[in-house]
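Remarks on the structure that follows.
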Amino acid sequence: MLVKQSATVKVPATSANLGAGFDVLGLSLGFYDELSVEVIDGEDVAIISGEGSADLPTDGQHLVIKSLRKGLDFAGVNATGLKLNATNKIPHARGMGSSSAAIVAGIALAQALVGREKLSTLDLINLAGRLEGHPDNIAPCILGGMTIAWMDEDGHHAVRLDVHPEIIPIVSIPNFKVATQTARNLLPLRIAHDDAVFNVSRSSLMVYAMTQDPSLLFTATEDRLHQRQRADVMPATLRLIAALRREGMAAVVSGAGPTVLTLAAAGQVAAVRQIVEANSEGFETMELTVDQGGVQAS
Ligand code: HSE
């Protein structure tokens, strides 16, 4: 049985990988899509404004509605028709977690409709992780802050860390898209042992740098496993990262790209903007906050 007939949700953008933490580390960003759902008599319908309004399905095939129905199925509850209203701000195919946000929004809306007894936060992580395939965007989207996510035979898991208050996430979003699958297809199936050790050291250090000592962020964001391997489909992104890093900025590919994420201190924000302006074309730079609480439903 449904405990409510309507619900709203605010769901954050996220940045996965954070350099060396491929498919593991993630950061929740203070930049949101807002959605509401209402149970209706009749067919499922999605009314979309903003990002994707020109090309997303407007029926039950919409990813938010499909995820919402998965959440209802999990809870063993049925609903007649669903009317979704989505105000989308998170850009699509840019490495800012838009598909994770859609999946999490759908399941969080289901949770609000059926109650937490039937669909817990752990269920949310597991269900959303299975739908997305890898949990590094799902986890920060649900928990907020910085997250470490992993998978085992029982499913998807994550823990949340508080980010050092002096760290400012700056995203530079290009005017071109790269599909995550295209970027994933470029990665080799096997890696050298010394590259694995390099990334394990940086990824471990990243946990300390992000929570205790941001002066280590530059070293902690070095990567050998996925960024240069993807350069062919986002050369402008890699050029911009090189320019930012030449000036000592902790810049990385956000998720599977092509957005650039720079983890800056307050005194570096103006310099980051200048470097982006001088070394790229068509990138929009936004200074964001770290989102603390992840998806919020009411
Ligand atoms: N870790 C993923 C990747 C993030 O880089 O392919 C995209 O969802």
Side-chain angles (χ1 to χ4, degrees), residues 11-29 31 33 51-52 63 67 90-107 125-143 146-151 156-159 169 171-174 176-191 195-196 198-200 202-204 206-207 210 220-235 237-238 240-241 251-263 291 294-295:
V11 64
T14 49
S15 184
N17 301 332
L18 307 181
F22 179 75
D23 273 3
V24 174
L25 300 182
L27 183 67
S28 192
L29 302 171
F31 192 72
D33 284 349
E51 277 290 321
L63 183 56
S67 308
I90 305 171
H92 292 176
R94 302 303 209 294
M96 289 179 67
S98 63
S99 73
S100 288
I103 291 168
V104 168
I107 305 175
I125 292 174
N126 228 326
L127 213 48
R130 261 188 274 146
L131 288 177
E132 178 73 330
H134 34 89
D136 50 341
N137 286 106
I138 292 291
C141 192
I142 294 171
L143 300 176
M146 173 181 170
T147 51
I148 305 170
W150 70 100
M151 291 187 267
H156 296 255
H157 312 269
V159 289
V171 288
S172 302
I173 308 168
F176 62 92
K177 300 181 178 190
V178 174
T180 299
Q181 200 49 54
T182 306
R184 284 184 91 79
N185 289 345
L186 294 170
L187 302 179
L189 289 178
R190 303 200 179 280
I191 57 165
D195 288 343
F198 183 95
N199 267 50
V200 170
R202 295 336 189 250
S203 178
S204 307
M206 189 62 174
V207 172
M210 286 292 284
T221 49
E222 291 173 323
D223 160 69
R224 285 194 190 166
L225 295 189
H226 65 100
Q227 296 191 156
R228 67 180 157 76
Q229 290 80 350
R230 291 168 159 173
D232 283 353
V233 292
M234 51 187 102
T237 296
L238 272 293
L240 178 55
I241 288 173
V252 295
V253 178
S254 180
T259 291
V260 175
L261 170 74
T262 307
L263 297 163
D291 164 79
V295 64

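Treat the numbers as computed from the prediction; the structure is a model and nothing was measured. Every number for a ligand or one of its atoms is a count from 1 in the order of the listing. Keep in mind that the numbers below use all heavy atoms, side chains included, and drop hydrogens, waters and symmetry copies.
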- Note on the structure: When every non-hydrogen atom of L29 is compared with those of P12, the smallest separation belongs to O-CB, 3.4 Å

- For the pair R230 (side chain) and P235 (backbone), establish whether a donor and an acceptor sit closer than 3.5 Å, ignoring hydrogens and angles. no

- Query: Is it true that a side-chain atom of N199 and a backbone atom of A20 form a donor plus acceptor pair closer than 3.5 Å?
  - Reply: yes

- Item | Separation between OG of S67 and CD1 of I103, rounded to the nearest 0.5 Å | 5.0 Å

- Note on the structure: Heavy atoms of G19 and Q227 approach each other most closely as CA-OE1, 4.0 Å

Can you list every pair where an N/O of ligand 1 is under 3.5 Å from an N/O on the protein?
residue, atom, partner, partner atom, Å
ligand 1, 1 (N), N17, OD1, 2.8
ligand 1, 1 (N), D23, OD1, 2.5
ligand 1, 1 (N), D136, OD2, 2.6
ligand 1, 5 (O), N17, ND2, 2.8
ligand 1, 5 (O), R230, NH1, 2.9
ligand 1, 5 (O), R230, NH2, 3.4
ligand 1, 6 (O), R184, NH1, 2.6
ligand 1, 6 (O), R230, NH2, 2.9
ligand 1, 8 (O), N137, OD1, 3.1

- Would you call the rings of H157 and W150 parallel, tilted or perpendicular if under 30° counts as parallel and over 60° as perpendicular? parallel

